[in-house]
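Reckoned from all heavy atoms, side chains included, excluding hydrogens, waters and symmetry mates.
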Amino acid sequence: MVSERNLSKIVCIIGAGPSGLVAARELRKEGHNVVVFEQNHEVGGQWLYQPKVEHEDPLGRSNVLNVHSSIYASLRLTSPREIMGFTDFPFVVKKGRDPRRFPGHKELLLYLQDFCEYFGLREMIRFNTTVEYVGMLDYPEFGKDLRWVVKSKEKEAKEGVEEVFDAVVVATGHYSQPRLPNIKGMDAWRRKQMHSHIYRVPEPFRNEVVVVVGNSLSGQDIGMELVDVAKEIHLSAKSLDVSEGLSKVISKHQNLHIHPQIDSLHEDGRVLFVDGTSIVADTIIYCTGYSYSFPFLDTKGMVVVDDDRVGPLYEHTFPPSLAPSLSFVGIPRKLIGFPFFESQAKWIAQLLSGKRTLPSWAEMMQSIKEFYRSREVDGIPKHNTHDLANFEYCDKYADYIGFPHLEEWRKELCISVLRNADINLDTYRDSYDDSEMLQEAYQSPHFAHLGPETF
């Protein structure tokens, strides 16, 4: 529903990563007064590499995380740069920078810094400032204006600051809080255990026997990186039905092995797998993913994280009882992130200005229940609620706000990369056959205004 009202709100955004930055741009564009709180000294969020991890709990079990980024030194993008950019700000090669189609993490940080400078976002950001508490000023009634108390503290300040905002946008990311498996003997195992959150470089594992738990992208990446330094690497996966690409990699390296899930860990360093085989290991690295965590947020139980389902959230963005004054950008996973975050940001901005309205509380709750039911019918575990992997959903979402659908070339390039990675895991970032799709991309409006000399 669209109307022409234009109400300017004072809005707090928590986080200056990709989702926070695009939210800041869209909210300001819509006429809102925006303050962005960023705990680090620079923009980028997850893409701001933090090499010093010595003081972080290796398993991330403490309540306070000192390190936000989980990026390791050698990390390269798993998607080509062409599909990564915001709709009006292509992620192009720049002189003197990493020219690869799948560049290293620093290149994406530079892109976000360019985005920030181009749209003049830096003036809205308070760096080195941690949000300690977000809560309602008054108990809400649905449909009534709600305001938020935000307590923040600047790094060098002795005392925190308390402010009131009309709306809060949570854009804190979800690749920081380690998610750990529950393995028998885990607490009794006396050797080195760590989550991939603090893995940075392979050298500390030289000549060790390492077990890598989890067959995700990070598990495969870290496993492949360790083959040149570790004595043995043992990948433990939920299923031994691995991709053709991983099978090829394992066959190339005599010190890389695949195992089923771990049954138990023993004090003498033994790792027993469910098939009865065992090895004695020096280190276990858990590449078992991340959990959603909002320790600062007090919604009186109206938004909870239950086995990594953040809810109830209408369209992964709005808690029905608190919308639109509280919203989340960047919760969904397994999609082409930047354009989706942009569509979320536009929707939030237009709802807050009164240009658009949400369905009734009952309709939103019904939609959420139907979505949950569809996930259950499809056999998707609760902790994968926000793993969308669905272009149609992105297009449906765009329709709410008149945002353009994902371009066909973007979808096709994405699928092409997934297929290539499945077959050629160790080479897909440097060897590909998608030149026709690439030409189509470069001729699209997304790139065309830049001129041929850009490429």
Side-chain angles (χ1 to χ4, degrees), residues 6-46 68 112 115-116 119-140 144-155 157 159-174 176 292-300 302-303 305 310 313 316-319 321-331 341-342 344-354 358:
N6 198 339
L7 306 172
S8 178
K9 298 282 175 74
I10 303 169
V11 186
C12 155
I13 298 173
I14 307 171
S19 53
L21 290 174
V22 78
R25 184 187 73 166
E26 295 304 327
L27 283 157
R28 190 180 63 182
K29 196 191 287 182
E30 195 60 27
H32 300 295
N33 196 328
V34 180
V35 176
V36 183
F37 292 97
E38 171 51 53
Q39 64 184 348
N40 277 312
H41 66 282
E42 182 52 276
V43 301
Q46 192 59 229
H68 178 70
L112 292 170
F115 180 80
C116 189
F119 292 103
L121 307 180
R122 208 168 274 275
E123 65 197 37
M124 294 186 272
I125 305 169
R126 294 186 199 168
F127 291 105
N128 294 312
T129 303
T130 302
V131 172
E132 297 180 332
Y133 174 83
V134 173
M136 293 168 270
L137 187 61
D138 299 302
Y139 201 76
K144 295 276 180 77
D145 282 344
L146 172 63
R147 301 179 83 206
W148 296 87
V149 175
V150 176
K151 295 177 184 173
S152 63
K153 188 172 180 298
E154 202 266 330
K155 209 172 197 175
E159 292 181 11
V161 176
E162 189 173 298
E163 296 163 278
V164 175
F165 290 88
D166 297 315
V168 171
V169 179
V170 179
T172 50
H174 46 74
S176 294
Y292 297 91
S293 178
F294 313 102
F296 53 84
L297 188 59
D298 177 11
T299 62
K300 310 298 180 199
M302 291 187 213
V303 181
V305 182
V310 185
L313 288 185
H316 307 272
T317 310
F318 301 103
S321 298
L322 304 171
S325 71
L326 178 65
S327 57
F328 295 79
V329 180
I331 293 280
F341 304 156
E342 193 178 344
Q344 284 186 297
K346 282 184 188 291
W347 197 14
I348 293 164
Q350 291 177 11
L351 283 163
L352 289 175
S353 68
L358 286 166

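- Under the 4.5 Å side-chain criterion, counting only non-hydrogen atoms from C-beta, Phe115 is in contact with Val22.
- Using a 4.5 Å heavy-atom cutoff, the side chains of Asp298 and Lys300 are in contact.
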Point to revise | Worked check of side chain to side chain contact (heavy atoms under 4.5 Å, CB included) between Leu352 and Ser327 | key: CA-CA 10 Å; Leu352 289 175; Ser327 57; 6.0 Å; no

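- Atom NZ of Lys29 has more than 12 heavy atoms from other residues, nucleotides or ligands within 6.0 Å.
- Across all non-hydrogen atoms, the minimal contact from Val169 to Ala23 is CG1-CB, 4.4 Å.
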Point to revise | CA sep, side-chain torsions, deciding dist, call: Arg25, Glu342, side chain to side chain contact (heavy atoms under 4.5 Å, CB included) | key: CA-CA 9 Å; Arg25 184 187 73 166; Glu342 193 178 344; 3.2 Å; yes

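- Between Val131 and Phe296 the shortest heavy-atom distance is O-CB, 3.6 Å.
- Remark: the backbone N or O of Gly330 is paired with a side-chain donor or acceptor of His174 at under 3.5 angstrom.
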Point to revise | Criterion salt bridge (Lys or Arg N to Asp or Glu O under 4.0 Å) on Lys151 and Glu132, from CA distance to verdict | key: CA-CA 6 Å; Lys151 295 177 184 173; Glu132 297 180 332; over 6 Å; no

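- Looking at Arg147 and Ser325, their side chains never come closer than 4.5 Å, going by heavy atoms from C-beta outward.
- With respect to Pro319, the side-chain contact (heavy atoms from CB on, under 4.5 Å) criterion is satisfied by exactly one of Leu313, Thr299, Val310: Leu313.
- Here the CE atom belonging to Met136 is positioned 6.5 Å from the CG atom belonging to Leu146, to the nearest 0.5 angstrom.
- For the atom pair CG of Leu297 and OH of Tyr133, the computed distance is 9.0 Å after rounding to the nearest 0.5 Å.
- Although no hydrogens or angles enter the test, the distance criterion places no donor-acceptor pair under 3.5 Å between the side chain of Lys346 and the main chain of Gln350.
- Of all the heavy atoms in Met302 and Leu322, the pair that sits closest is SD-CD2, 3.6 Å.
- Between the side chain of His32 and the backbone N or O of Lys9, at least one donor-acceptor pair lies under 3.5 Å.
- Within the 4.5 Å cutoff, no side-chain heavy atoms of Val303 are placed close to those of Phe294.
- Looking only at distances, no side-chain donor or acceptor of Asp166 sits under 3.5 Å from a matching main-chain atom of Val11.
- No side-chain heavy atom of Val134 sits under 4.5 Å from any side-chain heavy atom of Cys12.
- Between atom CG of residue Leu137 and atom CZ of residue Phe165 there is a gap of 12.5 Å, rounded to the nearest 0.5 Å.
- Using the six-membered ring where Trp is involved, Phe318 and Trp347 have ring planes that are perpendicular, over 60° apart on the 30 and 60° scheme.
- Between atom CG of residue Asn128 and atom CD of residue Glu42 there is a gap of 10.0 Å, rounded to the nearest 0.5 Å.
- Looking at Thr129, its side chain does come within 3.5 Å of a backbone N or O of Phe127 through a donor-acceptor pair.
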Practice item. Give the intermediate values and the outcome of side chain to side chain contact (heavy atoms under 4.5 Å, CB included) for residues Val43 and Glu38. Key: CA-CA 7 Å; Val43 301; Glu38 171 51 53; 5.9 Å; no

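- Shown here for Leu351 and Pro324, the closest heavy-atom pair between the two residues is CB-CB, 4.0 Å.
- Between Val170 and Tyr292, the closest side-chain pair of non-hydrogen atoms is not below 4.5 Å.
- Side-chain contact between Pro18 and Leu112 is present, with heavy atoms from C-beta onward closer than 4.5 Å.
- Side-chain contact between Ile348 and Glu26 is absent, with no heavy atoms from C-beta onward closer than 4.5 Å.
- Separation of atoms OG (Ser8) and CG (Leu27) is listed at 10.0 Å; rounding is to 0.5 Å.
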Practice item. Might you work through the side chain to side chain contact (heavy atoms under 4.5 Å, CB included) test for Gln344 and Ile331, ending with a clear yes or no? Key: CA-CA 10 Å; Gln344 284 186 297; Ile331 293 280; 5.5 Å; no

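- The distance from atom CD1 of Ile13 to atom CE of Met124, rounded to the nearest 0.5 Å, is 7.0 Å.
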